Trainee: 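Below is the structure I would like to discuss, written out as structure tokens.
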Amino acid sequence: MRFLFKTDYEDDIKLFPHSGYWVSYGVLLALLLIAPHVLSSYLMSQLVFVCIYAIVGVALLILTGFTGQASLGHAAFLAIGAYTAAYLQTYNVPFPVYFLAAGLLTGIIGAMVGFPALRLTGIYLVIATISFALIVEEILARWESVTHGNEGMRVKTLSLLGVAVPRDSPTFYYLCLAVLVLTIVGTLNLLRSPTGRAFVAIRDSETAARSMGVNVALYKVKSFAISAAITGFAGVLFAHKLSFISPEMFTLQLSIEFIIVILIGGTFSLHGAVLGAIFIVMIDPFLTYLKDDMPGMIAGIAAAFGAGPATAGDIQSKVAAFASLNGLKGAIYGIIIVLFVLFEPLGLYGRWLKIKLFFQLFPLYKRATFKRQKIYVKSERNR
């Protein structure tokens, strides 16, 4: 077990606390770099979606996990970034320009959303962001001269430095991976800065933050703008990966999926955003397996235990009908949220920390190690 003794401020704000982090992250990066040469095209496509969802998860962590501002409207920011890229492509704008333009425009709109949300907290802020998402979805459907309405828009193949980058190519995967790495490193540096510490102070207690001289309104707007801008960058990659976008792709369910990403991965951890993205991306393959392969497997098990052909066939048809239910995906999301809220509020990364600490302290580990006692004074009612 390694003990770290911090002797100055530089030790406290190091990007990596010790050399072991460089080794582990270096090995992980090496594995990700060789992945296109050893994995199938399907798995590579799933990894691209993991990168895109993880970028949005990091953006949402800045707003929700580190600033304490709830949002169910990030699908709208993703849509703005995607449609900005598709629209500017029609004027032959190069990729670097419309990539930055999408992030800038989305960041400005995020700041505009942040201003009216300053006086809202809790469920009222959630309702406001849902309203914003519904407004954006309606604009995308009605503004046909720009968005082509419900017919959607085709997104041309990405061109980088005059070279075409198909959506299934290793180069596109490397581009998404690079954006994810830069987003994570940039967020880590943001959290080490005075701005990041102000975000965390607002999350913990707005009253205490104000007493320390933090301009709460300004930093809330900054948080909305930064989170929206990063989501806009992800929207450009999302549009190129799908090659076609339409308003019905950016619904409230997509925003809920982003919330599940950080809830499952860990609300206060950048690692958790990646873990949650992996979990969410694997839901659709699981549902496909449940619908195509599971009925036959269960029928085979029933036959092995003595069920007749008619009974086994009836079981197979019932399981197939259950796996094809329209609301099954939403039900799975609901069950996952309830289970994590009840049994693992810190998410997958929190569970990993507990397992690691268990082996570090064994046999002296105590179950109450991660419990946090909260004591509030009367002034905290003004949060």
Side-chain angles (χ1 to χ4, degrees), residues 4 12-32 47-71 74 77-78 103 107 110 176-204 219 222-234 237-238 257-282 340 344-357 370:
L4 298 177
D12 191 52
I13 63 171
K14 277 184 177 179
L15 190 60
F16 297 112
H18 56 77
S19 59
Y21 282 82
W22 289 97
V23 175
S24 58
Y25 288 136
V27 171
L28 176 61
L29 184 60
L31 292 175
L32 292 174
L47 276 180
V48 168
F49 280 113
V50 167
C51 291
I52 295 173
Y53 272 62
I55 293 169
V56 181
V58 172
L60 193 54
L61 274 175
I62 294 174
L63 180 64
T64 301
F66 299 123
T67 316
Q69 305 300 296
S71 173
H74 268 57
F77 295 131
L78 191 77
C176 295
L177 180 62
V179 174
L180 174 59
V181 172
L182 290 175
T183 300
I184 292 176
V185 174
T187 303
L188 284 173
N189 282 283
L190 173 67
L191 295 176
R192 297 189 303 158
S193 69
T195 299
R197 293 195 294 273
F199 288 166
V200 175
I202 293 171
R203 178 198 68 192
D204 291 342
Y219 283 104
K222 277 187 179 181
S223 180
F224 264 101
I226 294 172
S227 180
I230 295 174
T231 307
F233 293 141
L237 301 176
F238 189 71
E257 289 183 5
F258 295 149
I259 289 292
I260 295 175
V261 165
I262 64 171
L263 180 65
I264 291 176
T267 314
F268 309 114
S269 167
L270 297 179
H271 301 82
V274 179
L275 294 174
I278 295 172
F279 193 96
I280 286 296
V281 169
M282 294 306 297
F340 271 91
E344 191 48 81
L346 296 178
L348 292 174
Y349 186 66
R351 176 53 54 180
W352 159 246
L353 290 179
K354 292 177 181 179
I355 293 173
K356 184 170 68 171
L357 186 64
F370 278 83

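Along the sequence shown, residues carry numbers from 1. Predicted model only: the values in this text are computed from it and were never measured. Values reported hereafter were calculated over all heavy atoms of this structure, with side chains retained and with hydrogens, waters and symmetry mates removed.
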Trainee: Enter the distance from S24:OG to L29:CG here, rounded to the nearest 0.5 Å.
Mentor: 11.0 Å

Trainee: For F224, which residues count as a ring-ring contact (aromatic ring centres under 6.0 Å, His included) partner, sequence neighbours excluded?
Mentor: none

Trainee: Examine distances only and state if a side-chain atom of R197 and a backbone atom of L191 form a donor-acceptor pair shorter than 3.5 Å.
Mentor: no

Trainee: Please list, chain by chain and in numerical order, all residues satisfying ring-ring contact (aromatic ring centres under 6.0 Å, His included) with F66, sequence neighbours excluded.
Mentor: none

Trainee: Could you tell me which residues satisfy side chain to side chain donor-acceptor pair (under 3.5 Å) with T64, sequence neighbours excluded, listed by chain and number?
Mentor: none

Trainee: Using side chain to side chain donor-acceptor pair (under 3.5 Å) as the criterion, list what pairs up with S223, not counting sequence neighbours.
Mentor: T67

Trainee: Does any part of the side chain of V56, heavy atoms only, come nearer than 4.5 Å to the side chain of V261, both counted from C-beta?
Mentor: no

Trainee: So, using ring-ring contact (aromatic ring centres under 6.0 Å, His included) as the criterion, who are the partners of F199 when residues are at least two apart?
Mentor: none

Trainee: Side chains of V179 and C51, heavy atoms from C-beta outward: is any pair under 4.5 Å?
Mentor: no

Trainee: I need the I184 CD1 to I230 CD1 distance, nearest 0.5 Å.
Mentor: 10.5 Å

Trainee: Using side-chain contact (heavy atoms from CB on, under 4.5 Å) as the criterion, point out the one residue from V58, L61, I226, L182 that pairs with T187.
Mentor: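 That would be V58; it is the only one of V58, L61, I226, L182 passing the side-chain contact (heavy atoms from CB on, under 4.5 Å) with T187.
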
Trainee: Supply the atom-to-atom distance S227 OG to F77 CZ, rounded to the nearest 0.5 angstrom.
Mentor: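 Interatomic distance, S227 OG to F77 CZ, rounded to 0.5 Å: 7.0 Å.
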
Trainee: Over 60° means perpendicular and under 30° means parallel, so classify the ring planes of Y53 and F258, tilted if in between.
Mentor: perpendicular

Trainee: Rounded to the nearest 0.5 Å, how far apart are CG of L263 and CD of E257?
Mentor: 13.5 Å

Trainee: Give me the atom names and distance for the closest heavy-atom approach of A273 to G57.
Mentor: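 That would be CB-C, 3.9 Å.
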
Trainee: Quick one: are L63 and H74 in side-chain contact, heavy atoms under 4.5 Å?
Mentor: yes

Trainee: Got a sec, which residues hit side chain to side chain donor-acceptor pair (under 3.5 Å) with T231, two or more places apart in sequence or on another chain?
Mentor: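 Partners of T231 under the side chain to side chain donor-acceptor pair (under 3.5 Å) test: none.
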
Trainee: What distance separates I62 CD1 from L270 CG, expressed to the nearest 0.5 Å?
Mentor: 8.0 Å

Trainee: Please find the pair of heavy atoms, one from A277 and one from A54, that lie closest to each other, and give the distance.
Mentor: CB-N, 3.6 Å

Trainee: To the nearest 0.5 Å, tell me how far I52 CD1 sits from L47 CG.
Mentor: 11.5 Å

